[in-house]
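Scroll down for the structure; my scribbles are underneath it.
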Amino acid sequence: MAHEEWIERAEIYGLSALDGDELIQFEAHLGSGCPVCEGQVGETRESLASLAQSLAPLTPPSQVKGRLLHQISPEVAPSIREDAKPRSFSWGISAGAFAAAGLLITMTWSLYATRQELQRLQKDVASIQAGSILHETGIEFLSDPHARSVHLKGLAPSPGAVGHFLWNPESRKGILITQGLPKNAPDKVYELWAIAGDEPVPVGTFSVEDKPHTLLKIPSLPQGKSFDKFAVTLEPAGGVPKPTGPMHLLGSV
Amino acid sequence: MTADPTIAVHLIQRVANQDREAFSRLYDRFSTLVFTLAMRMLKTRSEAEALLQEVFIQVWRQAKGYSAELGSPEAWITNIARTRAIDKIRSVDRIEESFMLTDALSRAELSDNIESSAAKSETKLTMNAALVNLPGTQRRVLELAYFDGLTQTEIAKRLAEPLATVKTKMHSGIQRLREIVSSRAA
């Protein structure tokens, strides 16, 4: 192919409008490290940015910035500050009473700190156990040559969430692993849907608690249908036969 | 938004070092651009808001990967926003439309659409700058690709034109746009 043709594709690629085999071929060409095409894509995007600037500007809601700044702020873990430790006093009370009081305060703080540490360790152990189960189950599916995988992307209600649905089309068994879904209210539950064309079929429900990951095992996907999409919605506790709530995750086969 | 790109480059470099004050200033500088583009592409305020947040989280995380050699901060951030918006348009919106909706959802969607109509009128292109100088056919093709996230094949289908014609119009449109941008910069 003449390189001029690659350059034309670079422009369309920069516009994100390249598709089909041309897209696959061009990405392979880019991957081979063609500096001319890479430059062309960059130049195209540079020119196209002027289109965005040609729109009448809209001011974003002010609360978005607050949310972002909160999101990037370092987690402030509750800790015992050095200056909070009991200090020696110079009041006219006996040294023995002060020593006893000091000891009591120190022991109280020490107990408090130990309890905090214990809680943190319990969380870590729970997280490691959950991770271990995920790991083992995930490996079981990934090592199965017949297993297939679908990546589920977070939608507007949970943009930071992700999911992976692994299943074996022959055994119809599957697992859903999610991360980043918000904790559901007690009267709500997340529901996984397998979608064949336009028809969503309920597959299972699960709750999100304090763990970063959740795992849903599917003993048997419904028979007789060829599913091309999988989605997760938030539904009333117990689940529903047809989706009614907001969609949090979605992925195509 | 476009004044002195070196300041924006410097801000991104500081953001790469997890400087929250620089991040705040970078947000002030580009959030309107990103939100406006998101409104035009996604049509609903709630989705545009979510996209704005996602884009700046990505900026926070990937600022280290930015290099001025790869393009201006505007182009970099705009490309992040477009890529995410197109991803949503292509893989989400169309599929969501095919989902069976209950009355409750339909009502929610209806209210969203009312908002969407407002958004459309708000984001109607101002016929200034680059686009107005493009011939109508080239402009239409670029708008469909850039703002509506359609691929070349989808545009050909939408306009009932041969794919080769669409490609030619895209090429000519981009070339013309490049000339306009260059002449403005000169």
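Just so you know, these numbers come straight off a predicted model, no measurement behind them. Protein chains get the first letters and strands the later ones, always in sequence-line order, with residue 1 at the start of each.
Atom NE2 of B:H171 and atom CZ of A:R9 lie 14.5 Å apart (nearest 0.5 Å). To the nearest 0.5 Å, atoms OG (A:S73) and CZ (B:R20) are separated by 6.5 Å. Considering OG of A:S54 and CG of B:L134, their distance stands at 9.5 Å, rounded to 0.5 Å. The CG atom of B:L33 lies 5.5 Å from the CD atom of A:Q53; values are rounded to the nearest 0.5 Å. For the atom pair CG (A:L51) and CG (B:L177), the distance works out to 5.0 Å, reported to the nearest 0.5 Å. One finds the OG atom of A:S47 at 9.5 Å from the CD1 atom of B:I180 (value rounded to the nearest 0.5 Å).
Per-residue heavy-atom pair counts under 4.5 Å with chain A were compared for B:A81, B:S31, B:A38, and the maximum is reached by B:S31. Put simply, of A:G42, A:A156, A:P159, the one with the most heavy-atom pairs under 4.5 Å next to chain B is A:P159. Comparing A:D19, A:L18, A:L23 by how many heavy-atom pairs each has under 4.5 Å with chain B, the most go to A:D19. Annotation: maximal heavy-atom pairing with chain B below 4.5 Å, among A:K65, A:R45, A:E43, occurs at A:K65. If you tally non-hydrogen atom pairs under 4.5 Å between each of A:A52, A:P60, A:P61 and chain B, the highest count goes to A:P60. No other option in B:V166, B:T78, B:L144, B:I57 has as many heavy-atom pairs under 4.5 Å with chain A as B:I57.
Within the 4.5 angstrom heavy-atom criterion, only side-chain atoms of B:F23, from C-beta onward, approach chain A. For B:T151, the parts lying under 4.5 angstrom from a heavy atom of chain A are both the backbone and the side chain. For a residue to count as touching a neighbouring chain, one of its non-hydrogen atoms must lie under 4.5 Å from one of that chain's; by this rule A:Q63 touches chain B with the side chain only. Only the side chain of B:E54 has a heavy atom closer than 4.5 Å to any heavy atom of chain A. Heavy atoms closer than 4.5 Å to chain A are found nowhere in B:R61, neither backbone nor side chain. Neither the backbone nor the side chain of B:Q18 has a heavy atom closer than 4.5 Å to any heavy atom of chain A.
Residues A:I12 and B:I174 form no side-chain contact, since every pair of their non-hydrogen atoms from C-beta on lies 4.5 Å or further apart. The side-chain heavy atoms of A:L68 and B:W60, taken from C-beta on, include no pair separated by under 4.5 Å. Using a 4.5 Å heavy-atom threshold, the side chains of B:Q152 and A:E22 count as touching.
Residues A:E11 and B:K167 are not paired through a salt bridge, judged by the lack of any N-O separation under 4.0 Å between the basic side chain and the carboxylate.
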Worked check of side chain to side chain contact (heavy atoms under 4.5 Å, CB included) between A:T59 and B:F35: CA-CA 7 Å; A:T59 307; B:F35 183 67; over 6 Å; no
Which is it for A:V64 and B:F56 under the side chain to side chain contact (heavy atoms under 4.5 Å, CB included) test, yes or no, and what are the steps along the way? CA-CA 10 Å; A:V64 177; B:F56 276 90; over 6 Å; no
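Panel note: side chain A:E46, backbone B:S72; a donor-acceptor pair is recorded below 3.5 Å. With hydrogens and angles ignored, the 3.5 Å screen pairs a side-chain donor or acceptor of B:T36 with a backbone N or O of A:L58.
B:R158 CZ: 12 or fewer foreign heavy atoms inside a 6.0 Å radius. Counting heavy atoms of neighbouring residues, nucleotides and ligands inside a 6.0 Å radius, atom CD of A:E4 does not exceed 12 of them.
Closest non-hydrogen pair, B:F147 versus A:L55, comes out as CE2-CD1, 3.7 Å.
A side-chain donor from one of A:T44 and B:R178 sits under 3.5 Å from a side-chain acceptor of the other.
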